[in-house]
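To keep things clear, I will list the structure first and then write my remarks on it.
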Amino acid sequence: GQNIDQPTEMTATEGAIVQINCTYQTSGFNGLFWYQQHAGEAPTFLSYNVLDGLEEKGRFSSFLSRSKGYSYLLLKELQMKDSASYLCAVSYSGYALNFGKGTSLLVTP
Amino acid sequence: DVKVTQSSRYLVKRTGEKVFLECVQDMDHENMFWYRQDPGLGLRLIYFSYDVKMKEKGDIPEGYSVSREKKERFSLILESASTNQTSMYLCASHLAGAYEQYFGPGTRLTVT
């Protein structure tokens with residue numbers, strides 16, 4: 001698989017904004033995905049970026065810079081239920097995804 | 001609503017046993033995937049399939065095989081289970097031309 005890097009853990013306060021970064025190897029890039037995974041549950045799709053720029057979807061936004069091999073997931077107005085792992089995944093060829101190790105986000109009161 | 005189901009949520013097997021993990025999707029998706037998820041390692045692709053009877057190795061196929069006899073069903077087989085195959089196994093399916101992969105609830109396999 002390709003090297004996809006994201007922070008292991010982050011902590012943020014309820015109501016705040018948090019940004020989770022992801023870097024990846026740019027060669028053969030086909031698209032970038034963010035998934036949310038609560039403990040003991042399956043990953044659920046959050047966003048998909050294939051072109052540069054910001055995609056906004058409610059409280060969640062995802063940004064992509066293809067030339068820099070960089071993406072971030074922005075979570076606004078954090079809620080306790082946002083405590084979860086956030087997985088960055090990249091498609092390089094075909095439809096198989098290469099996942100980062102995930103960022104465990106803890107939202108505190 | 002999209003649905004991917006896996007045969008068991010929890011499974012305990014002994015070393016050397018043959019283990020079958022089943023995955024079924026009801027969305028007529030062409031593509032299906034098996035991942036395993038381990039703490040500190042994330043999700044890693046074991047095998048995937050683009051069509052009936054087609055299979056491709058992922059990043060960690062050793063010790064595993066797969067079967068896809070029908071479009072809706074993708075099976076992962078551990079020919080002789082070993083303790084290092086204790087893990088969470090996740091199946092996913094995907095419609096060709098779309099982008100989202102849909103995941104099943106996972107099977108937590110313990111090999112003793």
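Note that the structure is a prediction, hence the values are computed from the model and not measured. We use all heavy atoms of the structure for the numbers below, so side chains are in, but hydrogens, waters and symmetry mates are not. A, B, ... follow the sequence lines: proteins, then strands. Residue 1 opens every chain.
- Residues of residues 37-69 of chain A that come within less than 4.5 angstrom of chain B, heavy atom to heavy atom, are A:Gln37, A:Gly40, A:Ala42, A:Pro43, A:Phe45, A:Tyr48 in numerical order.
- At a 4.5 Å heavy-atom cutoff, the contact between B:Ala96 and chain A is made by backbone and side-chain atoms alike.
- Smallest separation of non-hydrogen atoms from A:Ala96 and B:Tyr50: N-OH, 4.2 Å.
- You'll find the side chain of A:Asn98 reaches within 4.5 Å of the side chain of B:Asp59, heavy atoms only.
- For chain A, the nearby part of B:Leu90 is the side chain; its heavy atoms alone come within less than 4.5 Å.
- Under the 4.5 Å side-chain heavy-atom criterion for Ile, Leu, Val, Met, Phe, Trp and Tyr, A:Tyr35 and A:Leu74 are members of distinct hydrophobic clusters.
- The parts of B:Tyr99 that come within reach of chain A are both its backbone and its side chain, each placing non-hydrogen atoms under 4.5 angstrom from that chain.
- If you measure heavy-atom distances from B:Arg44 to chain A, you find no contacts under 4.5 Å at all.
- Linking Ile, Leu, Val, Met, Phe, Trp and Tyr residues whenever their side-chain heavy atoms come within less than 4.5 Å places A:Tyr86 and A:Met80 in a single cluster.
- Following chains of ILVMFWY side-chain contacts shorter than 4.5 Å, one can reach A:Leu32 starting from A:Ile4, so the two form part of one hydrophobic cluster.
- Looking at B:Gln37, the atoms closer than 4.5 Å to chain A (heavy atoms on both sides) all sit in the side chain, from C-beta outward.
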Apply the test side-chain contact (heavy atoms from CB on, under 4.5 Å) to residues B:Tyr35 and A:Leu97: give CA-CA distance (whole Å), side-chain angles for both, the deciding distance (0.1 Å), then the verdict. CA-CA 10 Å; B:Tyr35 297 90; A:Leu97 294 180; 3.7 Å; yes
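- Of the two parts of A:Leu87, only the side chain, counted from C-beta on, holds a non-hydrogen atom closer than 4.5 Å to a non-hydrogen atom of chain B.
- Rounded to the nearest 0.5 angstrom, A:Phe33 CZ and B:Glu100 CD are separated by 9.0 Å.
- Aromatic ring orientation, B:Phe103 versus A:Phe99: perpendicular (interplanar angle above 60°, classes split at 30° and 60°).
- No continuous path of ILVMFWY side-chain contacts below 4.5 Å connects B:Met32 to B:Val24, so the two sit in separate hydrophobic clusters.
- Taken together through direct or relayed side-chain contacts under 4.5 Å among Ile, Leu, Val, Met, Phe, Trp and Tyr, B:Met88 and B:Leu21 form parts of separate hydrophobic clusters.
- Residue-level contacts of residues 104-112 of chain B with chain A, in order of numbering, are B:Gly104, B:Pro105; threshold 4.5 Å between heavy atoms.
- From B:Gln101, atom CD reaches atom OG of A:Ser91 across 8.5 Å, with rounding to the nearest 0.5 Å.
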